Amino acid sequence: MQETRLNTSRIRAARRVIDPVFLDTPLYRCEALEPALGCTVSIKLETANPVRSFKGRGTEVVASRLAEQGRRAVVCASAGNLGQALAWSGRGRGLDVTVVASRFATAAKLDRIRALGAKLELVDGDHEMARERAAAIARDTGIRLVEDSLDIETCEGAATVGLELVEAVPSFDTVLIALGGGALATGVGHVVKALAPEAEVICVQPQGAPAMTRSWHGRRVVTTDSTDTIADGVAGRCPIPAVLDDLLVVADDAVLVQEASIIAGMRMLLDHAGLVVEPSAALGIAALIEDRDRFAGRHVVTIVCGSNVDMDAYHRWVGR
């Protein structure tokens, strides 16, 4: 495999510093989904932990290293899930955590960030504006800026999902990974290509937030002026060049799905798997819905990456 910024030995070492509460998440075949989707479907469930997303794996690595260095403060920008995870990991290691987010972010995510003891600063703009503000805070105060997907700890922490996957499933044909900033996709993709190279790595993004997918297909950074998707966790506009370089190595394809398919995927996960998930977590199922012929007869693993969703909005989307 070509080089990426990630290192398999470091990924294995990362697993040793991550709180076990985030590790060995459920992985199981969900036969109830299969008649409608036409393929064997396994779910890697990354919501069964205190922050209800995979992000805690990466923030545990970040916080552990900061504590070793004697650092006492950290700031990040977040659409919600990273902020919760960093607040949780920082609280356990005595770190003062500041999270910058859009005031239009999911209220349930913002409430949880506050509840976990982080300082929350809101900006009157989208996630890219929050990134700019977090960087400014770091410059002005000298505290550590955590940049999701750019900081290798976030990618290698997320990559431990891939280690568990390849160790537990003797063979699978395809893994479908939600694509936002790229930490999960590059992390899991790196491990799969290193340890199960016959498997196909497919990234999935909403049509209303296509920047990274367009960048992957164009093999250069493509930005967008805005986003329009309910999948707030993957709604970035400005891909990070180094992350795109890694994605070009590990991903076999990147696809876009419609909002209606995301909602249908959320409904299927509720009806057939008993799972309440946020829109980003249903992207893999949405890809299966939209292209049944492509995946017919395959064994597909989809990573259900988060369940931090505003319940009023969820009921509007999925139906009471």
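Sequence positions, counted from 1, serve as the residue numbers for this chain. Keep in mind that this is a model prediction, so the values were computed, not measured.
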**Message:** I'd like to know if the side chain of Lys193 and the backbone of Ala199 have a donor-acceptor N/O pair within less than 3.5 Å.
**Reply:** yes
**Message:** Does any part of the side chain of Leu283, heavy atoms only, come nearer than 4.5 Å to the side chain of Pro206, both counted from C-beta?
**Reply:** yes
**Request:** In sequence, state the C-alpha distance, the side-chain angles, and the governing distance for Glu132 and Arg139, and then conclude on salt bridge (charged side-chain N to carboxylate O under 4.0 Å, His left out).
**Result:** CA-CA 11 Å; Glu132 293 172 4; Arg139 287 194 304 270; over 6 Å; no
**Test side chain to side chain donor-acceptor pair (under 3.5 Å) applied to Asp124 - qualifying residues, sequence neighbours left out** = Arg103
**Prompt:** Within the side chain of Ser89, is there an N or O that forms a donor-acceptor pair under 3.5 Å with the backbone of Leu86?
**Reply:** no
**Prompt:** Is a side-chain N or O of Thr59 found less than 3.5 angstrom from the main chain of Ala85, in a donor-acceptor match?
**Reply:** yes
**Message:** When you measure from the side chain of Thr154 to the backbone of Ser149, do you find a donor-acceptor pair of N or O atoms at a distance under 3.5 Å?
**Reply:** yes
**Request:** Kindly indicate whether the side chain of Leu116, heavy atoms from C-beta on, has any atom under 4.5 Å from the side chain of Gln84.
**Result:** yes
**Request:** Could you tell me whether a side-chain N or O of Arg131 sits under 3.5 Å from a main-chain N or O of Cys238, the two making a donor and an acceptor?
**Result:** yes
**Message:** Between Arg57 and Glu46, does the salt bridge (charged side-chain N to carboxylate O under 4.0 Å, His left out) criterion hold? Intermediate values first, please.
**Reply:** CA-CA 10 Å; Arg57 295 175 183 258; Glu46 287 299 305; 3.0 Å; yes
**Prompt:** For Asp228, does the CG atom have more than 12 heavy-atom neighbours from other residues, nucleotides or ligands under 6.0 Å away?
**Reply:** no
**Asked** What are the two closest non-hydrogen atoms of Val175 and Val192, and how far apart are they?
**Response** CG1-CG2, 4.3 Å
**Request:** Check the pair Leu145, Glu147 against side-chain contact (heavy atoms from CB on, under 4.5 Å), reporting the backbone distance first and the verdict last.
**Result:** CA-CA 6 Å; Leu145 172 65; Glu147 294 190 76; 3.6 Å; yes
**Prompt:** Under 3.5 Å, side chain of Arg91 to main-chain N/O of Trp88, donor-acceptor pair present?
**Reply:** no
**Item:** Carboxylate-amine/guanidinium proximity below 4.0 Å for Arg10 and Glu156
**Value:** yes
**Request:** Give the minimum heavy-atom separation between Leu247 and Thr186, together with the two atoms involved.
**Result:** N-CG2, 3.8 Å
**Message:** Quick one: does any side-chain atom of Thr224 pair with a main-chain N or O of Ala211 as donor and acceptor, under 3.5 Å?
**Reply:** no
**Message:** Quick check: is Met268 connected to Val255 through a chain of hydrophobic side chains (ILVMFWY, heavy atoms under 4.5 Å apart)?
**Reply:** yes
**Message:** With rounding to the nearest 0.5 angstrom, report the OG to CD distance, Ser64 to Glu68.
**Reply:** 4.5 Å
**Request:** For residues Ser42 and His299, determine if any side-chain heavy atom of one lies less than 4.5 Å from a side-chain heavy atom of the other.
**Result:** yes
**Prompt:** Side chains of Val75 and Arg144: does their closest heavy-atom pair fall under 4.5 Å?
**Reply:** no
**Complete:** The reported gap from CG in Leu256 to CZ in Arg214 (rounded to nearest 0.5 angstrom) is 7.5 Å
**Asked** Given Asn81 and Glu278, is the side-chain hydrogen bond (donor to acceptor under 3.5 Å, both in side chains) satisfied, shown in steps?
**Response** CA-CA 11 Å; Asn81 285 348; Glu278 62 188 85; 3.2 Å; yes
**Close side-chain approach of Val97 to Val99, heavy-atom, < 4.5 Å** = yes
**Complete:** Closest heavy-atom pair, His272 versus Ala32, reported as atoms and distance to 0.1 Å, is O-CB, 3.3 Å
**Fill in**
Interatomic distance, OG1@Thr213 vs CG@Leu179, rounded to 0.5 Å, equals 5.0 Å
**Taking every non-hydrogen atom, the tightest pair across Cys305 and Thr47** = C-CG2, 4.4 Å
**Request:** Report the C-alpha separation of Val74 and Ile143 in whole Å, then their side-chain angles, then the decisive distance to 0.1 Å, and conclude whether the side-chain contact (heavy atoms from CB on, under 4.5 Å) test is met.
**Result:** CA-CA 6 Å; Val74 62; Ile143 65 175; 5.9 Å; no
**Request:** May I ask you to test the Thr8-His190 pair for a side-chain heavy-atom distance under 4.5 Å?
**Result:** yes
**Request:** State whether the side chain of Arg5 and the backbone N or O of Leu150 hold a donor-acceptor pair below 3.5 Å, judged by distance alone.
**Result:** yes
**Asked** Quick check: does any side chain N or O of Asp111 sit under 3.5 Å from a backbone N or O of Arg114, one acting as donor and the other as acceptor?
**Response** no
**Message:** Determine whether Thr174 and Val301 satisfy the following criterion, side-chain contact (heavy atoms from CB on, under 4.5 Å), listing intermediate values before the conclusion.
**Reply:** CA-CA 6 Å; Thr174 304; Val301 178; over 6 Å; no
**Request:** Could you go through the side-chain hydrogen bond (donor to acceptor under 3.5 Å, both in side chains) check for Arg52 and Ser307 one step at a time?
**Result:** CA-CA 6 Å; Arg52 293 165 56 171; Ser307 64; 3.2 Å; yes
**Request:** Measure the spacing between CG of Leu37 and CG of Leu288 and express it to the nearest 0.5 Å.
**Result:** 5.5 Å
**Request:** Start with the C-alpha distance between Ile303 and Leu176, add both sets of side-chain angles, then the distance that settles side-chain contact (heavy atoms from CB on, under 4.5 Å), and finish with yes or no.
**Result:** CA-CA 7 Å; Ile303 299 172; Leu176 297 172; over 6 Å; no
**Asked** Between Leu45 and Val309, is there a shared hydrophobic cluster once you connect ILVMFWY residues whose side-chain heavy atoms come closer than 4.5 Å?
**Response** yes
**Request:** State, with a plain yes or no, whether a side-chain heavy atom of Phe172 is found less than 4.5 Å away from one of Val300.
**Result:** no
**Request:** Output the distance between atom CZ (Arg220) and atom CG (Leu248), rounded to the nearest 0.5 Å.
**Result:** 12.0 Å
**Request:** Spell out, yes or no, whether Ile262 and Tyr314 are grouped together once hydrophobic residues are joined by side-chain heavy atoms under 4.5 Å, including indirect joins.
**Result:** yes
**Asked** With no hydrogens and no angle check, is any side-chain donor or acceptor of Ser102 less than 3.5 Å from a backbone partner on Gly125?
**Response** yes
**Message:** Applying a strict under-4.5 Å side-chain criterion to I, L, V, M, F, W and Y, I'd like to know whether Trp317 and Val257 cluster together.
**Reply:** yes
**Item:** Nearest non-hydrogen partners of Gln205 and Val234, listed with the distance
**Value:** NE2-O, 4.0 Å
**Request:** Tell me, with the steps shown, if Asp232 and Lys109 meet salt bridge (charged side-chain N to carboxylate O under 4.0 Å, His left out).
**Result:** CA-CA 11 Å; Asp232 60 297; Lys109 295 181 179 181; 2.9 Å; yes
**Item:** Pair Arg298 + Glu34: basic N to acidic O under 4.0 Å
**Value:** no
**Request:** Starting at OG1 of Thr141, measure out to CG of Asp96 and round the result to the nearest 0.5 Å.
**Result:** 11.0 Å
**Request:** Would you check, one step at a time, whether the test side-chain hydrogen bond (donor to acceptor under 3.5 Å, both in side chains) holds for Thr98 with Glu121?
**Result:** CA-CA 7 Å; Thr98 300; Glu121 180 174 324; over 6 Å; no
**Request:** Show your reasoning for whether salt bridge (charged side-chain N to carboxylate O under 4.0 Å, His left out) applies to Asp126 and Arg237.
**Result:** CA-CA 9 Å; Asp126 65 4; Arg237 296 189 290 107; 2.5 Å; yes
**Asked** Do Leu269 and Val276 touch side chain to side chain, with heavy atoms closer than 4.5 Å?
**Response** no
**Request:** Treating Ile, Leu, Val, Met, Phe, Trp and Tyr as nodes and any side-chain heavy-atom pair under 4.5 angstrom as an edge, say whether Val204 and Met266 lie in one connected cluster.
**Result:** yes
**Prompt:** Can a donor-acceptor pair be found between the side chains of Lys44 and Thr25 at a distance below 3.5 Å?
**Reply:** yes
**Fill in**
Correct closest heavy-atom pair for Val146 and Asp151 would be CA-OD2, 3.3 Å
